[in-house]
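Computed over heavy atoms, backbone and side chain alike; hydrogens, waters and symmetry mates excluded. Owing to the predicted nature of the structure, the values given are computational and were not obtained by experimental measurement.
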Amino acid sequence: MKNAIRSLMNPASIALGAALLVAGCGALPDKPARTTLYDFGPGLTAPAAAAAPAAATLPTLALAEFDSNSRLDGTQILYRLGYADANELRPYGQSRWSLPPAQLLRQRLRDTLSERRTVLGPEESATISRSRGETPDTLRISLDEFSHYFDSASASVGLVRLRATLVRSAPAGDRVLGQRTFTVRRPASSADAPGGVKALISASDAAMAEVVQWVDQLQQQTPQQPRQ
């Protein structure tokens, strides 16, 4: 028994036990990396909102839900290596959008349009059409591209491409007032997810501004006639 105790207290045995303990701790799994969530920011702040016109000055508009290809339905932040294989979409590992890009873009567009007009969702538009006999023009958007695009290993942009269609309903049927594709690129400050996010937000804001201007021009060129 005494020999066994002496063996356990042997410095070599103690060192071996400590080494095994350290090795065991090293085998434990690392704490999972936290996923970073991104959105388009808080939108209009209170001072900016207060500075907007108090009353709508343009015709009421219905904004349909955005369409997008299936690859953009998730929340992954995607990038393309244009200099290697522009046909391959790749996701950033630990970075995500808080909502699918189409939903984030629709919120941004609705906020922008609402600065000068009343903007309705599909259900609100249908309710007004039934109760008042008035059908506002409908803006439909299809999101075709939303990626951090690398022209080279050191140069990249936020790339947004969408197709907008403005439709007017009438007793005789729907009529397309106009359709246009918008493609916007904005430079990224860094070749990573944060740089891509900032570039995509900048490109999105520029695209939304172009869409709003286009809709305003179409409605001014073809004013809606009151129903008899």
Is a side-chain N or O of Asn69 found less than 3.5 angstrom from the main chain of Leu72, in a donor-acceptor match? yes

The side chain to side chain contact (heavy atoms under 4.5 Å, CB included) partners of Gln213 (sequence neighbours excluded) come to Gln217

Here the gap from Ile141 atom CD1 to Glu65 atom CD, rounded to the nearest 0.5 Å, amounts to 12.0 Å

Q: List the steps and the verdict of side-chain contact (heavy atoms from CB on, under 4.5 Å) for Val167 and Arg140.
A: CA-CA 8 Å; Val167 177; Arg140 299 172 182 167; 4.0 Å; yes

Can you find a pair of side-chain heavy atoms, one from Val211 and one from Thr112, that are under 4.5 Å apart? no

By side chain to side chain donor-acceptor pair (under 3.5 Å), Glu88 pairs with (sequence neighbours left out) Arg90

Applied to residues 192-203, the side-chain hydrogen bond (donor to acceptor under 3.5 Å, both in side chains) test, sequence neighbours excluded, yields Ser190-Asp192

Next on the checklist: If hydrophobic clusters are built from ILVMFWY residues whose side chains come within less than 4.5 Å, do Leu143 and Tyr149 share one?
Outcome noted: no

Sorted by chain and number, sequence neighbours left out, side chain to side chain contact (heavy atoms under 4.5 Å, CB included) with Ala209 holds for none

Contacts satisfying salt bridge (Lys or Arg N to Asp or Glu O under 4.0 Å) that involve residues 155-165 (not counting sequence neighbours) are Asp144-Arg163

For residues 178-205, the ring pair (Phe, Tyr, Trp, His ring centres under 6.0 Å) pairs (sequence neighbours left out) are Phe182-Trp214

**OP:** Evaluate the side-chain contact (heavy atoms from CB on, under 4.5 Å) criterion for residues Leu58 and Gln220: first the C-alpha distance (whole Å), next the side-chain angles of each, then the deciding distance (0.1 Å), finally the verdict.
**Re:** CA-CA 9 Å; Leu58 292 171; Gln220 290 169 3; 4.1 Å; yes

- With the side chain counted from C-beta on, respond yes when Arg180 and Val215 share a heavy-atom pair under 4.5 Å apart, and no when they do not. no

For residues 36-43, which side-chain N or O atoms pair as donor and acceptor with protein atoms under 3.5 Å away, sequence neighbours left out?
residue: Asp39; atom: OD1; partner: Gly41; partner atom: N; Å: 2.9

field: Lys/Arg N to Asp/Glu carboxylate O, Asp205 vs Arg186, below 4.0 Å
entry: no

Within the structure provided, determine whether Thr138 and Thr165 are in side-chain contact (heavy-atom separation under 4.5 Å).
no

What donor-acceptor contacts under 3.5 angstrom involve side-chain atoms of residues 94-104, with partners at least two apart or in another chain?
residue: Gln94; atom: OE1; partner: Thr35; partner atom: OG1; Å: 3.4
residue: Arg96; atom: NH1; partner: Tyr92; partner atom: O; Å: 3.3
residue: Arg96; atom: NH1; partner: Gly93; partner atom: O; Å: 3.3

For Ala199, the side chain to side chain contact (heavy atoms under 4.5 Å, CB included) test, sequence neighbours excluded, returns Ala188

In short, salt bridge (Lys or Arg N to Asp or Glu O under 4.0 Å) pairs touching residues 66-87 with sequence neighbours left out are Arg80-Glu145

Residues at least two apart in sequence or cross-chain that pass side chain to side chain donor-acceptor pair (under 3.5 Å) with Arg110, listed by chain then number, are Glu124

- Is there side-chain contact between Gln221 and Leu177, with heavy atoms separated by less than 4.5 Å? no

- [ ] Decide yes or no for Phe66 and Leu109: does some side-chain heavy atom of the first lie under 4.5 Å from some side-chain heavy atom of the second?
- [x] yes

**Q.** Close side-chain approach of Leu200 to Phe146, heavy-atom, < 4.5 Å
**A.** yes

Report task. Might you work through the side-chain contact (heavy atoms from CB on, under 4.5 Å) test for Leu61 and Leu63, ending with a clear yes or no? Result -> CA-CA 6 Å; Leu61 185 71; Leu63 183 60; 5.7 Å; no

Taking every heavy atom of Gly158 against every heavy atom of Ala203, the minimum-distance pair comes out as O-CB, 3.6 Å

Residues passing the side chain to side chain donor-acceptor pair (under 3.5 Å) test with Asp137, sequence neighbours excluded, are Arg168, Gln219

